[in-house]
Each structure stands twice: as structure tokens, then as C-alpha cells.
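This chain uses plain numbering: 1 for the first residue, then up along the sequence. Atoms considered below: every heavy atom in the structure, side chains included; atoms not considered: hydrogens, waters and symmetry mates.
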Amino acid sequence: MATDASPKFRGVPQSPEFHTAISVSPPTHDGLEFWQFMIAGSIAGSVEHMAMFPVDTLKTRMQALGAGSCAVQPVGVRQALGSILRIEGTAGLYRGIGAMGLGAGPAHAVYFSVYEFCKEAFSGGNPNNSAAHAVSGVFATVASDAVITPMDMVKQRLQLKSSPYKGVADCVKRVLMEEGIGAFYASYRTTVVMNAPFTAVHFSTYEAAKRGLMEISPENAEDERLVVHATAGAAAGALAAALTTPLDVVKTQLQCQGVCGCDRFSSSSIGDVIQSIVSKEGYRGLMRGWIPRMLFHAPAAAICWSTYEASKTFFQRLGGSNSSVN
């Protein structure tokens with residue numbers, strides 16, 4: 001028995017098939033590598049935020065509170081938009097877009113690459129695991145918020161009416177000199193607390209809606225791929241935006257505090273800011289800007305997801321053509 005087993009044991013490492021099986025290659029998911037997800041996410045995020053920036057400006061103006069010149073009385077979306085166009089012109093809707101241009105690309109590169117990595121790790125081989133999608137989305141948003149929060153603060157301060165800053169560089173310089181580096185992350189905790197449930201709802205709704213839409217007409221799923229991603233993304237974005245508007249109002253308050261008369265808070269406590277808003281306007285004050293927020297996130301999510309999936313498809317086809325050439 002022993003003599004028969006010995007040669008077999010010695011022969012295993014010498015098998016060429018054995019060496020092929022243990023060869024190490026870069027991890028892939030959906031046929032793509034980590035850097036390709038980062039590029040696809042960066043493109044998607046940049047396109048999304050640039051396209052929808054005017055709506056984001058409108059939302060920021062409606063959410064900003066205070067006794068100074070930045071205060072916006074409770075008005076409808078049409079009145080607020082008309083006021084901006086009449087006083088500042090179209091350029092007023094795009095003030096601060098440079099800050100978002102600098103932050104959106106890197107943040108979404110982190111966002112989507114972390115999401116794809118975590119989805120592959122947590123799904124257990126089940127592509128329909130909604131819990132894995134939600135948890136992956138939370139991990140993704142915690143990482144990406146650390147990247148985008150400083151530029152988001154700069155963007156919102158520039159978006160305010162009568163903003164005292166000349167541009168992105170001037171805002172960064174003055175905030176560092178007058179308030180310190182901590183001011184760039186004053187809203188980070190609130191942003192994470194807001195975006196964690198936002199992303200969990202967003203990703204789980206997106207994956208479920210996408211799966212449901214593809215099951216309606218499976219034979220045409222490939223031809224209607226772009227429409228499916230856009231529709232599922234819009235539904236996910238609108239629902240997540242509506243549910244998290246109160247925390248978005250708190251985030252805007254923290255990022256704009258002390259600028260052109262906006263209220264300043266003694267701490268970055270979410271509870272303190274909520275109490276201040278409720279004492280001034282009641283609970284409806286926590287829903288300021290919910291309409292432009294939904295108007296932003298529904299088409300923005302549709303743009304983002306369809307661009308992201310289109311970028312992934314491009315890389316997959318590029319990889320396929322390179323393989324056939326080789």
C-alpha cells in the first residue's frame with residue numbers, strides 16, 4: 001500500500017495541469033478588472049453630476065436657512081428657479097460646478113469599484129442576493145463620501161446666493177485659513193448617516209427593478225439593456241432621495257453654516273441641527289428641497305447607471321476583441 005501511494009504523491013506536482021490550476025491571475029468580476037470598474041464609475045459619476053448640476057443648485061438654495069442674504073423663503077420650485085434666472089441669469093445655476101467636476105470623478109471611481117468588489121465577496125455566488133447588494137452599497141458610500149465631502153462643501157458654498165467666494169481655489173484657501181481643515185469634513189458623519197440608507201435602498205431597488213424588468217421580456221433583454229438600466233436607476237434614485245431628504249437638509253445646513261448669513265451651529269450633531277430646523281419651521285422644514293432632490297436623483301441615477309453599464313460593456317467587448325486577436 002505504502003509503495004503504491006508514494007509514486008502517486010510524488011507525481012502530482014509534476015503534472016502540468018496542476019501548475020495551471022494554481023497559477024495566480026488578477027481578480028476579475030463580470031469579466032472586468034478593478035481599474036476598469038474605477039474608470040467606468042468615474043465616467044458615470046462625472047456625466048451624472050455635470051448633466052444635473054442646475055437642479056442640484058436649486059435644491060441647495062431651497063435648503064439653505066438663515067436670516068441673511070442666503071435665506072430662501074418657502075417657495076415652490078418654479079418660483080425659486082425664476083428668482084435665480086432673473087437675478088443671476090443661467091450662470092447662477094452653474095456656480096460651483098468646478099468643485100463637483102474635481103470631486104465627482106474620483107469619488108465615483110471609488111464608489112463603483114468598492115461596490116463591485118464587495119458585491120462579488122458578499123453575494124456567495126447568488127447574483128440576486130439583495131442583502132449583499134445593500135451591504136455592498138453601504139461600504140461603497142462610506143469610502144466614496146470620504147473623497148467627495150470636501151469638494152461637496154466647496155460646491156454648496158459657491159452655490160449660495162451672494163456667495164463671498166470667487167471660485168474653487170479661493171473658497172478652499174479661505175476655509176483653510178478661517179475655519180481649519182475640519183470644516184471640510186463638518187458634514188461627513190451626517191453624509192454617511194444619510195448616504196448609507198440612501199445607497200442601501202438605491203442599490204437593492206436598482207438590482208430588484210433591473211431583474212424584474214428583464215424578466216418581463218427576457219427574449220429582448222439584451223436589446224433593451226440601456227432602457228432597463230435607465231428605468232431601474234431612475235426608480236431607485238427617486239425612492240432613495242425621498243426617504244433621505246431630512247438628512248440631506250441637515251447636511252446642507254452644516255456645509256453652509258456661517259456663510260452669507262446662514263445659521264452657524266455650535267456642534268456638528270445631527271440632533272442639534274434637526275432641533276434648530278424644527279424650532280424655526282416645524283417638521284416640514286426637514287423636507288425642504290425634496291422635489292428638486294427627487295428631480296435630481298431620478299434622472300441622475302438613470303444617467304449614471306446607464307453610463308456605467310455602457311462603459312462596462314465597452315470594456316467587456318474590448319477585452320473580448322483583444323482575446324480573439326491574441
So does [Y] get a backbone contact from the side chain of [X], meaning a donor-acceptor N/O pair under 3.5 Å?
X      : Y      : answer
Arg95  : Gln159 : no
Arg189 : Ser268 : yes
Arg61  : Ala80  : no
Ser113 : Val110 : yes
Thr141 : Gly137 : no
Thr231 : Val228 : no
Ser187 : Gln255 : no
Ser204 : Val201 : yes

Checklist entry - Taking the six-membered ring for Trp, are His202 and His297 ring centroids under 6.0 Å apart? => result no

Does atom [atom1] of [X] have more than 12 heavy-atom neighbours, drawn from other residues, nucleotides or ligands, at distances under 6.0 Å?
X      : atom1 : answer
Phe184 : CZ    : yes
Gln275 : CD    : no
Ile87  : CD1   : yes

Strictly by modelled atom types, are [X] and [Y] linked by a side-chain donor-acceptor pair under 3.5 Å?
X      : Y      : result
Asn129 : Ser123 : no
Arg293 : Thr244 : yes
Gln156 : Asp56  : no
Gln63  : Asp248 : yes
Tyr308 : Glu48  : no
Arg174 : Tyr165 : no

Item to check | Point-to-point distance, once rounded to the nearest 0.5 Å, from CG of Leu286 to CG of Leu247 | outcome: 9.0 Å

Checklist entry - Looking at Phe139, Phe117, Tyr115, which hits ring-ring contact (aromatic ring centres under 6.0 Å, His included) with Phe122? => result Phe139

Item to check | Beyond-backbone contact of Tyr283 with Ile277, side-chain heavy atoms, under 4.5 angstrom | outcome: no

